Number of protein chains: 2
Amino acid sequence: MATIKDVAKRAGVALSTASYALNNNPKISPATRKKVEEAAKELNYKKNGIASDLKRANTNTIALILSDLSGPFYSDLIQGVQDITTANGYDLIACNSIGGEQSTAVKFLKEKRVDGAIILAYNISDEIAVESARQGFPIVVLDRTLDNEFIYRVHVDNEQGAYTATEFLIKHGHNEIAYISGPSISYDNQRRFQGYLNALKDSKIDYQPKWQIPGDFTREGGYRATKLLIAQGNLPQAIFYANDEMAIGGMQALKENNIGIPNDISIIGYDDIELTEFVSPPLTTIRQPKYEAGALSVHLIFRILSGETVEHNYNLPTQLVERGSVKHKEVN
Amino acid sequence: MATIKDVAKRAGVALSTASYALNNNPKISPATRKKVEEAAKELNYKKNGIASDLKRANTNTIALILSDLSGPFYSDLIQGVQDITTANGYDLIACNSIGGEQSTAVKFLKEKRVDGAIILAYNISDEIAVESARQGFPIVVLDRTLDNEFIYRVHVDNEQGAYTATEFLIKHGHNEIAYISGPSISYDNQRRFQGYLNALKDSKIDYQPKWQIPGDFTREGGYRATKLLIAQGNLPQAIFYANDEMAIGGMQALKENNIGIPNDISIIGYDDIELTEFVSPPLTTIRQPKYEAGALSVHLIFRILSGETVEHNYNLPTQLVERGSVKHKEVN
DNA sequence: CTGTTAGCGCATTCAT
DNA sequence: ATGAATGCGCTAACAG
């Protein structure tokens, strides 16, 4: 690899002259500049970005840390982050946190490789996030609450969303409503469960533990949980799945047992992933403003980086998307 | 930010001792190591990864460059890349090439920020790829053919896949087969079109230009192209969509015109994305070994990096996935 | 086992 | 306009 030194030598100028020329500093005459540029091209010179970053002390890139780069769920979010980042002339890199402590993500977080980070990765511990955040290195978390001077939180209002979903079912005449939950450690799941409870309470419906079935946010988990519910004997009138993936798995289970949706049972999901439109019947669900969440997150980072003082907490509202999986229960 | 110098000072040891201790070099006594680690913690020291990379000369990370991080299509591919990369103790970062010349991706490519790269991004020009590849910096391209000493090619056999798809339609009694194409500049599309032509030719069916409708690999494009085909007057007996997204858009258009699939018309897609199972009827399509392609790509990079000489070209076979969108045409 | 020292490649003074 | 010199933070060879 040719270095700038080689370029300077070849062009017959000093090292600094070459540097100036390559960085378009006006104090270099067009003639020498041209000479330098030609030398660079001849030597196939590429500046070493690492060295240059070291000098500059900021990298002009922000990191988006996800537990899994390949999840379809993140599309909109990434899009939002991407749009704002590029609009600001910054670079975006996405890294996965698979491998926990040893992962690429943690490396980027802890070492000064980026100027800011957005975290949506359950397998990154709170501890690591807190340890990494510091002056000049803001972190936005999307999936937890963390009290730290340099950590900001953008939140989709899970509690309200779950409340809306449950209320919707209640208004449709259902009062036996099962909740298929996500992993109990998941903050998102906790909020959603709380929203479910609140809605029941506000309608004076008693919460019954038997209607709470553990799931894990996967399609397979939804399938199993639903089978369990069916095996349990009497079915509820409606099921609220803590996310769409589980709802889709659940639909499969119901179908296998000849339980009609929405005639025999109403179901509702959470997330509004792309598939919901395509399953049969189309799934009524709660849409999360994923794009907006992503966009807001980076936007915040830029404001903080430029020295502004901003709020630490943001809550984004959800929206119910009515499709075909919930039916008004006939009054007998 | 505290530097390693501060840590050394605080621990009362030499700079190098601190460095060794922090890097778990066995030559440091447990006692001093502990001292250093404590000092580091007290100062909230984080090593500057950039500086360390500069010294090391290799970054232990490889880049996956995609035109769009948010496409659901890439899931499997990313997974394959991810698995092998982490298994080798390397880091993976994904970056998008939006913004073309100015994009993050190009920066990573041209400046020495990663040890190798995998490209699947139509908006990265061949030129940039060729300029960037060099000794010790192998590039694997998935979406083009490039003749360069340091560029390797992993290819899904598009031509064979398209041939299989077309042949399948022919064997089901169809001889008027439309081809809804991707962008004409797309290499993938060109190969697929060629496969289509070859299959026709081998069955002695004349290619008719009117059956070739331009699309752009998007759902919307497939919808429009299909509308155009319908508006054109007489329908073909089957449609081969150059990818699934377009096929799904096309299904929408056909549905709107009350054209039954597969009773009135057979259709086949390409890619085997997740949605294909859920649309109605489920879409018959060509599965690409995306995971394998991703895995092979990184695997190659590692072999090259370790000094092995490897082949420059790899071709992966496709596979037909039969679902419900193709029907045997009744003989009249 | 520990400390000294020389760069990695580049950007940036400060004189000339 | 140019060249020599300095240091960013870290690692690793070498000497003790």
Side-chain angles (χ1 to χ4, degrees), chain A residues 1-37 39-40 43-60 107-108 110-115 134-137, chain B residues 1-40 43-61 107-108 110-115 134-137:
Chain A
M1 282 295 298
T3 76
I4 198 170
K5 219 185 250 171
D6 303 318
V7 175
K9 199 183 295 168
R10 172 145 195 147
V13 299
L15 188 114
S16 61
T17 310
S19 173
Y20 284 134
L22 261 13
N23 288 299
N24 290 318
N25 187 309
K27 64 164 101 170
I28 299 298
S29 73
T32 32
R33 165 163 312 152
K34 187 148 177 257
K35 218 164 42 177
V36 172
E37 280 166 357
L43 292 170
N44 191 29
Y45 165 77
K46 307 272 156 41
K47 90 162 161 189
N48 183 321
I50 296 178
S52 146
D53 278 350
L54 178 57
K55 215 29 206 188
R56 292 181 196 278
N58 67 333
T59 60
N60 243 52
K107 199 164 149 184
F108 271 83
K110 291 187 140 177
E111 308 174 0
K112 196 190 161 13
R113 291 187 135 88
V114 289
D115 294 348
R134 55 185 181 274
Q135 185 63 271
F137 185 66
Chain B
M1 284 295 297
T3 75
I4 197 170
K5 218 185 252 169
D6 303 319
V7 175
K9 199 182 298 169
R10 172 147 196 146
V13 300
L15 187 107
S16 62
T17 310
S19 173
Y20 285 133
L22 262 11
N23 289 302
N24 290 320
N25 188 308
K27 66 164 100 169
I28 299 297
S29 73
T32 31
R33 165 163 313 150
K34 188 147 176 260
K35 218 165 40 174
V36 172
E37 278 166 359
E38 272 167 12
L43 293 170
N44 191 29
Y45 164 77
K46 307 273 152 43
K47 93 161 158 187
N48 184 323
I50 296 178
S52 128
D53 279 349
L54 176 58
K55 189 61 193 177
R56 289 181 194 280
N58 65 335
T59 59
N60 242 54
T61 110
K107 199 164 148 186
F108 272 89
K110 289 187 140 177
E111 308 172 3
K112 193 186 165 17
R113 291 187 137 85
V114 289
D115 294 349
R134 57 186 178 273
Q135 185 63 271
F137 185 66

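Lettering of chains follows the sequences in order, A, B, ..., and the numbering in each one begins at 1. Worth saying up front: this structure is predicted, and the values here are computed from it rather than measured.
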Practice item. Start with the C-alpha distance between B:Asn24 and B:Arg33, add both sets of side-chain angles, then the distance that settles side chain to side chain contact (heavy atoms under 4.5 Å, CB included), and finish with yes or no. Key: CA-CA 8 Å; B:Asn24 290 320; B:Arg33 165 163 313 150; 4.3 Å; yes
**Study point:** 5′-ward residue of the pair B:Tyr20/B:Lys46 relative to DNA chain D
**Key:**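 Checking each residue's closest nucleotide, the 5'-ward one belongs to B:Lys46.
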Would you mind classifying the nucleic acid contact of [X] as base, sugar-phosphate or nothing, using non-hydrogen atoms under 4.0 angstrom?
X	value
A:Asp53	nothing
A:Ser19	base
A:Ile4	sugar-phosphate
A:Ile50	nothing

Practice item. Tell me whether the OP1 or OP2 atom of C:dC10 has a side-chain N or O from A:Tyr45 closer than 4.0 Å. Key: yes
Point to revise | Short side-chain N/O contact to C:dC1 OP1/OP2 from B:Ser29, under 4.0 Å | key: no
**Study point:** Pair B:Arg10-B:Val7, side chain to side chain contact (heavy atoms under 4.5 Å, CB included): steps then yes or no
**Key:** CA-CA 5 Å; B:Arg10 172 147 196 146; B:Val7 175; 5.8 Å; no
Exercise for review: Spell out yes or no: do the side chain of B:Lys55 and the base of C:dG7 have one donor N/O and one acceptor N/O closer than 3.5 Å?
Suggested key: yes
Review point. Does any donor-acceptor pair link the side chain of B:Ser16 with the base of C:dT4 at a separation under 3.5 Å?
Key: yes
What's the closest nucleotide to the [X] side chain, out of [options]?
X	options	result
B:Asn23	C:dG9, D:dT11, C:dG3	D:dT11
A:Lys27	D:dT2, C:dA11, D:dC14	D:dT2
B:Leu54	D:dG9, C:dG3, C:dC10	D:dG9

Revision key, fill the gap. The reported gap from CD in A:Gln135 to CG in B:Asn44 (rounded to nearest 0.5 angstrom) is 12.0 Å
**Study point:** CG on A:Asn23 to NZ on A:Lys47, rounded to 0.5 Å
**Key:** 6.0 Å
